[in-house]
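Computed over heavy atoms, backbone and side chain alike; hydrogens, waters and symmetry mates excluded.
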Amino acid sequence: QVQLVESGGGSVQAGGSLRLSCAASGYTYSRYSRYCMGWFRQAPGKEREGVAAIYTGGGNTYYPDSVKGRFTISQDNAKNTLYLLMNSLKPEDTAMYYCAALGGSCPSISITFGRVGFTRFTYWGRGTQVTVSS
């Protein structure tokens, strides 16, 4: 059973940075190398949306336009840890951020970051809160 635990959330002023971490367990190394790992967020009253994804097998990364150039997803396979570096944070980035995993390749960008993209992901962490003040 895959388990994901997020950390690194907090409160920051607009323009600041945060790095989120997601510790993954329950993989075997060979299976871990063929996962799509993603970061999603959900603000109160809003739908869950994808903000970054990475295919662990090849390291390919994907972003929606809303965060491209500000957010960077990365992985440390030796530590089984996923990261999300968030720069130039805005108040509208305030949300609960979740780490998620899907066995196999990442869906297309339009699906992953679409309205129901989160439904493709099988495993979820409990989330970490990010609050950006103006």
Over-ring placement of Arg19 relative to Tyr83, 6.0 Å and 45° cut-offs: yes

Euclidean distance, Cys99 SG relative to Met37 CE, rounded to 0.5 Å: 4.0 Å

Residues Asp65, Lys68: salt bridge by 4.0 Å N-O rule: yes

Pairing residues for Ser133 by the side-chain hydrogen bond (donor to acceptor under 3.5 Å, both in side chains) criterion, not counting sequence neighbours: none

No-hydrogen, no-angle side-chain donor-acceptor test under 3.5 Å, Ser17 and Asn87: yes

Ala52 to Pro64 - nearest heavy-atom pair and separation: N-CD, 4.3 Å

From Asn60 atom CG to Ile73 atom CD1, the distance as rounded to the nearest 0.5 Å: 11.5 Å

Between SG on residue Cys22 and CH2 on residue Trp39, distance to nearest 0.5 Å: 5.0 Å

Within-4.5 Å side-chain heavy-atom neighbours: Phe113 and Val51: no

Side-chain heavy-atom pair Arg115, Glu49 within 4.5 angstrom cut-off: no

Expected output: side-chain Arg70 to main-chain Ser88 donor-acceptor under 3.5 Å: yes

Pairwise distance OH(Tyr97) to CD(Gln129) - rounded to 0.5 angstrom: 9.0 Å

Side chain to side chain, Arg126 and Val5, heavy atoms closer than 4.5 Å: no

For Arg48, all residues meeting side-chain hydrogen bond (donor to acceptor under 3.5 Å, both in side chains), sequence neighbours excluded: Gln42

Partners passing ring pair (Phe, Tyr, Trp, His ring centres under 6.0 Å) against Phe40 (at least two apart in sequence or in another chain): Phe121, Trp124

Val132 backbone acceptor or donor facing Thr94 side chain under 3.5 Å: yes

